[in-house]
Amino acid sequence: MSESVSPAPQSGPAAPAPLAVPRTPTGDAGVDARLARLADADHLPTDGHLDVYEDVHRGLRDALDALDAR
């Protein structure tokens with residue numbers, strides 16, 4: 001009688017997978033470009049997400065500051 005052996009589960013981090021979160025255009029090209037940059041995190045391991053998020057946050061904050069300067 002032959003027993004079937006299941007492969008051992010893989011250990012280690014899973015490969016990055018896109019979140020595919022829909023983004024609705026705002027009509028502001030600068031803001032839309034920053035929001036589109038969030039997709040860059042889809043191709044990075046988790047420890048690379050922070051740099052993308054901080055860059056997007058900085059850009060959005062600058063866009064808000066520019067509104068106050070007008």
Side-chain angles (χ1 to χ4, degrees):
M1 182 156 85
S2 161
E3 260 184 60
S4 90
V5 177
S6 299
Q10 293 181 351
S11 62
L19 295 176
V21 175
R23 287 180 293 279
T24 303
T26 66
D28 182 296
V31 170
D32 290 342
R34 288 294 176 184
L35 295 176
R37 172 134 164 64
L38 289 171
D40 292 347
D42 286 348
H43 309 288
L44 297 171
T46 305
D47 62 353
H49 290 189
L50 184 60
D51 290 335
V52 173
Y53 297 156
E54 286 180 344
D55 181 50
V56 171
H57 180 258
R58 189 172 28 259
L60 293 174
R61 188 181 60 228
D62 290 347
L64 286 173
D65 288 344
L67 291 174
D68 288 340
R70 291 184 192 170

Peer 1: Which ring-ring contact (aromatic ring centres under 6.0 Å, His included) pairs, counting each pair once, include a residue from residues 21-40, with sequence neighbours left out?
Peer 2: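 Sorted result for residues 21-40: empty, none.
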Peer 1: Only distances under 3.5 Å count here; give the side-chain donor-acceptor pairs of residues 41-52 to other protein atoms, sequence neighbours excluded, each with its distance to 0.1 Å.
Peer 2:
from	atom 1	to	atom 2	distance (Å)
Asp42	OD1	Leu19	N	3.3
His49	NE2	Ala41	O	3.0
His49	NE2	Leu44	O	3.2

Peer 1: How would you list, by chain and number, every residue that makes a side-chain contact (heavy atoms from CB on, under 4.5 Å) with Leu67, sequence neighbours excluded?
Peer 2: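 For Leu67, the residues satisfying side-chain contact (heavy atoms from CB on, under 4.5 Å) (neighbours in sequence not counted) are Leu64, Arg70.
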Peer 1: Give me each pair satisfying side chain to side chain donor-acceptor pair (under 3.5 Å) with a member in residues 27-38, each pair once, sequence neighbours excluded.
Peer 2: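 Found Thr26-Asp32, Arg34-Asp55, Arg37-Asp40, Arg37-Asp55.
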Peer 1: In Å and rounded to the nearest 0.5 Å, what is the CG to CZ distance from Asp65 to Arg58?
Peer 2: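 One finds 13.0 Å between CG of Asp65 and CZ of Arg58.
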Peer 1: Flag the pair Leu35 / Leu60 as yes when at least one side-chain heavy-atom distance between them is below 4.5 Å, and no otherwise.
Peer 2: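 Answer yes - side chains close enough.
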